[in-house]
Amino acid sequence: MLDKIKNLTAEIEALTASSTDEVEQLRIKYLSKKGIVSLLFNDFRTVPAEQKREVGQKLNQLKTLATEKINALREQVAAAGESAEAEKIDLTRTATPCAEGSRHPLSLVRNEMIDIFSRMGFTIAEGPEVEDDWHVFSSLNFAADHPARDMQDTFFISRNPVDVLLRTHTSSVQTRTMERLTPPIRIVCPGRVYRNEAISARAHCFFHQIEGLYIDKDVSFADLKQALLYFARQMFGPETKIRLRPSYFPFTEPSAEMDISCNLCGGKGCGFCKHTGWVEILGCGMVDPNVLEACGIDSKVYTGYAFGMGVERITNLKYQVKDLRMFSENDVRFLAEFDAAH
């Protein structure tokens, strides 16, 4: 009996546990009615009379040791759990719960547009919002007396010694890229642009554009049309139709404006498309040889196409947002409507 008590004492002193379930299993094993220590007390009656005093003391000491050890393990496991929970608490968070936000609708549409063009091999190019006259106007074949240079359209920062202004289109990124790289060039230029216009439901003094440029040998208008058809069907659905109407831009020749079949009525005619069945979404054309030469590209060797569209315009068509001002007012009730599109 004394040997059993000695072995159990060493065994209990070495006990460990990592969870409350393990502690409970140890309590049942040693201290329950059918536990090891309790069974030793049942065997106590078989101990010779001359050993009962010593064995009884040892048994009581064993039971006390087992109780204290299991209680200590229970406290240790509980303390470890509290410490782990405390480590999960972010003390930098506000005490008031914050609702999870969602992406801005312009960001959702911008990312989708970039993803479509990236599948056609276009890469992203970016440039400064504060620009000079050369990259915004002169290099793009704007005449010195072109109306877009007038103060009513452009935010000028300074006029001397050179004109410094807020860019009116992201075409300035195209000219900077053409000056820096040798064709082939295939880029899309997303960014914010500024124009000195009265703010209303249909116009704003700043908005967002995505422009594209592709320059290589033997690039044709057919290549442009195919790229834009692919974009329109990926963005608005496989049944979408496009049409190109002749237009004029200083930096492209020939130039065109592109319409898509109305995605609300399917081209049948409704109030949104003014009962024409068509909605304009972008301008495009073949890069004017004068623009290529101004940027150091041989127009006798290379040709290219360019296009540009407003992100707000595409977002309006996709989500039927009627007032442009809602995009910049940061009304959480408006932004919450796009949780599902996140």
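We use all heavy atoms of the structure for the numbers below, so side chains are in, but hydrogens, waters and symmetry mates are not.
- Remark: Q320 CD is packed, more than 12 non-hydrogen atoms of other residues, nucleotides or ligands lying under 6.0 Å away.
- With contacts defined as side-chain heavy-atom distances shorter than 4.5 Å, the pair R103/L335 does not qualify.
- Between the R167 side chain and the G127 main chain, a donor and an acceptor come within less than 3.5 Å of each other.
- Looking at E24 and R27, a side-chain N of the basic residue comes within less than 4.0 Å of a carboxylate O on the acidic one, giving a salt bridge.
- Between the side chain of E22 and the backbone N or O of S18, at least one donor-acceptor pair lies under 3.5 Å.
- M326 and I314 fall within the same hydrophobic cluster, defined by Ile, Leu, Val, Met, Phe, Trp and Tyr side-chain heavy atoms under 4.5 Å apart, directly or through other members.
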* List the steps, then state whether side-chain contact (heavy atoms from CB on, under 4.5 Å) holds for V219 with Y214. => CA-CA 8 Å; V219 176; Y214 176 39; 3.7 Å; yes

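- Proximity of a side-chain donor or acceptor of T276 to a complementary backbone N or O of W278 within less than 3.5 Å is detected.
- Nearest heavy atoms, E329 versus R325: CG-O, 3.0 Å.
- In summary, the aromatic rings of F117 and F307 are positioned with their centroids under 6.0 Å apart.
- Between the side chain of E312 and the backbone N or O of H208 there is at least one donor-acceptor pair closer than 3.5 Å.
- For the atom pair SG (C295) and CG (L140), the distance works out to 7.0 Å, reported to the nearest 0.5 Å.
- Using a 4.5 Å cut-off between side-chain heavy atoms of Ile, Leu, Val, Met, Phe, Trp and Tyr, with links allowed through other members, V130 and V193 fall into different hydrophobic clusters.
- In this structure, the separation between NZ on K69 and OG1 on T9 is 12.5 Å, given to the nearest 0.5 Å.
- Once rounded to the nearest 0.5 Å, the distance linking CG of D133 with OG1 of T154 reads 9.0 Å.
- Between the side chain of T170 and the backbone N or O of C189, at least one donor-acceptor pair lies under 3.5 Å.
- For the pair E131/F137, no side-chain contact is recorded, criterion being any heavy-atom separation below 4.5 Å from C-beta on.
- The nearest pair of heavy atoms linking A125 to T177 is CB-OG1, 4.0 Å.
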* When you look at W134 and E179, which way does the side-chain contact (heavy atoms from CB on, under 4.5 Å) test go after all the steps? -> CA-CA 12 Å; W134 168 258; E179 290 174 339; 2.9 Å; yes

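- A continuous path of Ile, Leu, Val, Met, Phe, Trp and Tyr side chains, each step under 4.5 Å between heavy atoms, connects L108 with I124, placing both in one hydrophobic cluster.
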* Check step by step if side-chain contact (heavy atoms from CB on, under 4.5 Å) holds for M286 and T252. => CA-CA 5 Å; M286 300 300 294; T252 54; 5.8 Å; no

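- Between the S261 side chain and the K241 main chain, a donor and an acceptor come within less than 3.5 Å of each other.
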* May I have the step-by-step check of side-chain contact (heavy atoms from CB on, under 4.5 Å) for F231 and I260, ending in yes or no? => CA-CA 11 Å; F231 166 77; I260 62 167; over 6 Å; no

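- Between the side chain of H169 and the main chain of V136, a donor-acceptor pair closer than 3.5 Å is present.
- Side chain of N141 to main chain of P250: a donor-acceptor pair is present (N/O by atom type, distance under 3.5 Å, no hydrogens or angles).
- Put simply, the side chain of D115 never gets that close to the backbone of N111: no donor and acceptor are under 3.5 Å apart.
- Y248 and M258 are not part of a single hydrophobic cluster, where members link through side-chain heavy atoms under 4.5 Å apart.
- For D218, the CG atom is loosely surrounded, since the number of other residues' heavy atoms within 6.0 Å does not exceed 12.
- Side chains of T64 and E68: a donor-acceptor N/O pair is absent below 3.5 angstrom, by distance only.
- To the nearest 0.5 Å, atom NZ of residue K217 and atom OG1 of residue T303 are 11.0 Å apart.
- With values rounded to the nearest 0.5 angstrom, K225 atom NZ is found 14.0 Å from Y305 atom OH.
- Under a 3.5 Å cut-off, the side chain of R195 and the backbone N or O of T168 do form a donor-acceptor pair.
- Considering CE of M309 and CD1 of I210, their distance stands at 7.0 Å, rounded to 0.5 Å.
- Both F122 and L224 are members of a single hydrophobic cluster when ILVMFWY side chains are connected at heavy-atom separations under 4.5 Å.
- The pair R313-E280 fails the salt-bridge criterion, with no side-chain N (NZ, NE, NH1 or NH2) lying under 4.0 Å from an Asp/Glu carboxylate O.
- No side-chain heavy atom of H104 sits under 4.5 Å from any side-chain heavy atom of R110.
- Using a 4.5 Å heavy-atom threshold, the side chains of L165 and I157 count as separate.
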